[in-house]
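Worth knowing before you read on, the calculation uses all heavy atoms, side chains too, and leaves out hydrogens, waters and symmetry mates.
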Amino acid sequence: MPGAATRATTPTSASSPTTKPGGIQGSLEEMPLTELLQGVEFNQKTGHVEIEADAVKGVIEFQAGNPWDARTVDGRQGEEAMRVLLRQK
């Protein structure tokens, strides 16, 4: 759908009993993806960030704050998928 905002959902930490399933959701207009990912790294979160944009949909997985894997629904994986997903605004 043209003009739709890019959205991301953030990981939940298995080590945090107070974290509710589903993490947080929101538009990347409110918080840039790079800022969101810095928070994942700084807080050493494990989980995934789902990215939905007009051009691409995909997921970046994290283990203890480090990027572990990335893939898009059109079949890209690894570094290629990471580059495509990080270009979303």
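Cluster annotation: Leu37 and Met31 are assigned to the same hydrophobic cluster (Ile/Leu/Val/Met/Phe/Trp/Tyr, side-chain heavy-atom contacts under 4.5 Å, transitive).
The heavy-atom pair separating Asp69 from Gly78 by the smallest distance is OD1-N, 4.1 Å.
Atom CG in Asp74 sits 12.0 Å away from atom NZ in Lys57 (nearest 0.5 Å). With rounding to the nearest 0.5 angstrom, the CG atom of Leu85 is 10.5 Å from the CD atom of Glu80.
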If you look only at distance, which donor and acceptor atoms sit under 3.5 Å apart when one is on a side chain in residues 58-67 and the other is two or more places apart or in another chain?
residue, atom, partner, partner atom, Å
Glu61, OE2, Arg71, NH1, 2.7
Glu61, OE2, Arg71, NH2, 2.6

